[in-house]
2 protein chains.
Amino acid sequence: MSNRFIKKLANLAELSADDRRALEIVTAHPRRFAARQDLIREGDEPGPVFVVLDGWACRYKILPNGLRQIMAFLMPGDACDLHVNMLAAMDHGIQAIGPASVAMISRAQMQAMMHDHPAIARAMYTAQLVDEGIMRAWIVSMGRRSSIERVAHLMCELYLRARGAGMTQDTEFALPLSQIILADALGMTPVHINRVLKELRLAGAMALRRGSLTILDPVKLVQIAGFDENYLHRRLRQATAI
Amino acid sequence: MSNRFIKKLANLAELSADDRRALEIVTAHPRRFAARQDLIREGDEPGPVFVVLDGWACRYKILPNGLRQIMAFLMPGDACDLHVNMLAAMDHGIQAIGPASVAMISRAQMQAMMHDHPAIARAMYTAQLVDEGIMRAWIVSMGRRSSIERVAHLMCELYLRARGAGMTQDTEFALPLSQIILADALGMTPVHINRVLKELRLAGAMALRRGSLTILDPVKLVQIAGFDENYLHRRLRQATAI
DNA sequence: CGGTCACTTGAGCAGCGTCAAAACCCGTGG
DNA sequence: CCACGGGTTTTGACGCTGCTCAAGTGACCG
């Protein structure tokens, strides 16, 4: 029975039974985090690599004036940077959004595994590239999209990512993000998020309520967002030599 | 006589004479690009790793409606992602801003060099982490800073990065970016950029003109920007094992 | 059943965009 | 050397998107 991490990596590279076993071992003893608990804080010295197995987390930063900006969502299956611990201090925090279960893989473990399992290494590097693509897409959204386009675009992204981890049923999936969290991620105020969600609902594009998102009209949603899934790199280069 | 790339990497790891020689070789035959010429376009298959030796470039994306968003500046010494060619297609373009000189290092060359020169590998990975930190800082800026804060923050960043590559003299450095380019990078309109630059000039914080930026009052500029240099990781972890 | 938190809605405002015109800069060619 | 032309910079007037402030409703939990 494989977890979300394995499922996600399997989308990015061909994994042998042996590879899967190694991943099982390394994620066997996750740690539980409470809602709003920090996995690591800005300024802390980086430690193990985090892999979210269950629940959601986010990377965030608090400005001097108290405003918060979320820079990435980590959903089940997502890991954070491989090489962080070359740095002396974290430049941002990572926080559980709801209760979450997180595997913590030491640098040594990680290195051994990637050395012994090239396919895993390949998948991890690819995942990292996709994460960078997502960051760039966020920059584009914040810079050049209107609020309704921004919200629609994020929902398209999260839906596809959730589907990649096998977390969607049909047109619906669990999205445990409050409007406050969405506001912090999209650089808006909660009240404006609320109005935009209403507009999207009335337009018949999507409906977000009580922790789950329903895509009412995928075509319309994609069109509002100006969404192009290129950057998620679901179609990878075939047979990459290491 | 070492180039900007070597100078930058030397800030990130202890480089031996041998390491430096390897870097010299691999950057010995740069290619020249004209202003506005693409190094690579969105949709293209990724090829060699680019290293900007002279001039500036930017990562960018054009939206369906014709708007452009710049997601990163590459100044002399900067390289682009190590592992890109695991992906089938670029999700963004890279373009020279003015005339530029760019080394193109093949995957094979890069891998051999990083294998034979662990210090170079370390420096490259660290540079990559810093670049990610910069992207996150841009997200924060776009989401939660006012236009004047955003401009001031970018200038602080560019000044420190330029200094790291030895490209500043005292309080001034060459910044060959038009107001149009700045607008595309900061998610604003050129006319508003213009007004903000005027405001910063009148406030006695900084003056940008004719391709060069003068910091008039560093303290004031940093204060306006709410700038915290953490994310550039100029203080690295000591003696990192690989 | 009361307290806290998230959500919802309205009214008014301001930061930044739009549109437009003029001044400037610089390379080019007569 | 000067006139020309394209791009950039500058400035003004006006409007819209999204923020602020405020009040009220609903959901969940102890």
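Order of the sequence lines fixes the chain letters, A, B, ..., with proteins taken first and strands second; residue numbering starts at 1 for each chain.
Across all strands, A:Gly187 comes closer than 4.0 Å only to sugar-phosphate atoms, never to a base (heavy-atom distances).
Remark: the A:Gln128 side chain and the B:Gln128 side chain contain no N/O donor-acceptor pair separated by less than 3.5 Å.
Counting to the nearest Å, the C1' atom of C:dC16 and the CG atom of B:Leu182 are 17 Å from each other. Atom P of nucleotide C:dC13 and atom NE2 of A:His192 are separated by 19 Å, given to the nearest angstrom. With rounding to whole Å, B:Arg144 atom CZ is found 14 Å from C:dC16 atom P. Here the P atom of nucleotide C:dG17 and the CG atom of B:Asn65 are 14 Å apart, to the nearest Å. What separates CG of B:Leu67 from P of C:dG17 is a distance of 11 Å, to the nearest Å. Residue A:Lys198 contributes atom NZ, which lies 21 Å from atom P of C:dA6 at whole-angstrom precision. If you take CG of A:Leu197 and P of C:dT9, they are 11 Å apart, rounded to a whole angstrom.
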Review item, nucleotides 19-26 of chain C N/O atoms under 3.5 Å of protein N/O:
{"residue": "C:dC25", "atom": "O3'", "partner": "B:Arg210", "partner atom": "NH1", "Å": "2.9"}
{"residue": "C:dC26", "atom": "OP1", "partner": "B:Arg210", "partner atom": "NH1", "Å": "2.6"}

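With a heavy-atom cut-off of 4.0 Å to chain B, the contacted part of DNA chain D has its first and last nucleotide at D:dT8 to D:dA13.
Heavy-atom minimum distance, B:Phe73 versus B:Ile181: CE2-CG2, 3.7 Å.
Salt bridge B:Lys8/B:Asp78: present, at least one basic N to carboxylate O contact under 4.0 Å.
Scored by the salt bridge (charged side-chain N to carboxylate O under 4.0 Å, His left out) test, A:Asp184 finds A:Arg68, B:Arg144 as partners (sequence neighbours excluded). Contacts of B:Glu157 classified as salt bridge (charged side-chain N to carboxylate O under 4.0 Å, His left out), with partners at least two apart in sequence or in another chain: B:Arg161. Remark: B:Arg150 pairs with no residue by the salt bridge (charged side-chain N to carboxylate O under 4.0 Å, His left out) rule, at least two apart or across chains. In terms of the salt bridge (charged side-chain N to carboxylate O under 4.0 Å, His left out) criterion, A:Glu42 has no residue partners (sequence neighbours excluded). Considering only residues two or more places apart in sequence or on other chains, B:Arg136 meets the side chain to side chain donor-acceptor pair (under 3.5 Å) condition with A:His92. Scanning for side chain to side chain donor-acceptor pair (under 3.5 Å) contacts around A:Trp56 gives an empty result, with sequence neighbours left out. Under the side chain to side chain donor-acceptor pair (under 3.5 Å) criterion, A:Ser147 pairs with A:His192, not counting sequence neighbours.
A side-chain donor-acceptor contact under 3.5 Å links A:Asn11 to the backbone of A:Gly164. Using modelled atom types, no side-chain atom of A:Gln95 and backbone atom of A:Cys58 make a donor-acceptor pair closer than 3.5 Å.
The aromatic rings of A:His153 and A:Tyr231 sit parallel to each other, their planes meeting at less than 30°, with 60° as the upper class boundary.
Nearest-nucleotide positions on DNA chain D place B:Ile180 closer to the 5' end than the other of A:Arg145 and B:Ile180.
Of all the residues in residues 147-157 of chain A, A:Ser147 reach under 4.0 Å from DNA chain D with at least one non-hydrogen atom.
Distances shorter than 4.0 Å separate none of the side-chain N or O atoms of A:Gln179 from OP1 or OP2 on C:dC5. Taking side-chain N and O atoms only, A:Asn194 has no distance below 4.0 Å to OP1 or OP2 of C:dC7.
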Using residues 214-230 of chain B as the side-chain source, report each donor-acceptor pair under 3.5 Å to any protein atom, sequence neighbours left out, with the distance given to one decimal.
{"residue": "B:Asp217", "atom": "OD1", "partner": "B:Val219", "partner atom": "N", "Å": "3.2"}
{"residue": "B:Asp217", "atom": "OD1", "partner": "B:Lys220", "partner atom": "N", "Å": "3.1"}
{"residue": "B:Lys220", "atom": "NZ", "partner": "B:Ala203", "partner atom": "O", "Å": "2.8"}
{"residue": "B:Asp228", "atom": "OD1", "partner": "B:Asn230", "partner atom": "N", "Å": "3.0"}
{"residue": "B:Asp228", "atom": "OD2", "partner": "B:Asn230", "partner atom": "ND2", "Å": "3.3"}

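Between its opening and closing five pairs, the helix from C:dC1-D:dG30 to C:dG30-D:dC1 changes axis direction by 40°, a value rounded to 10 degrees.
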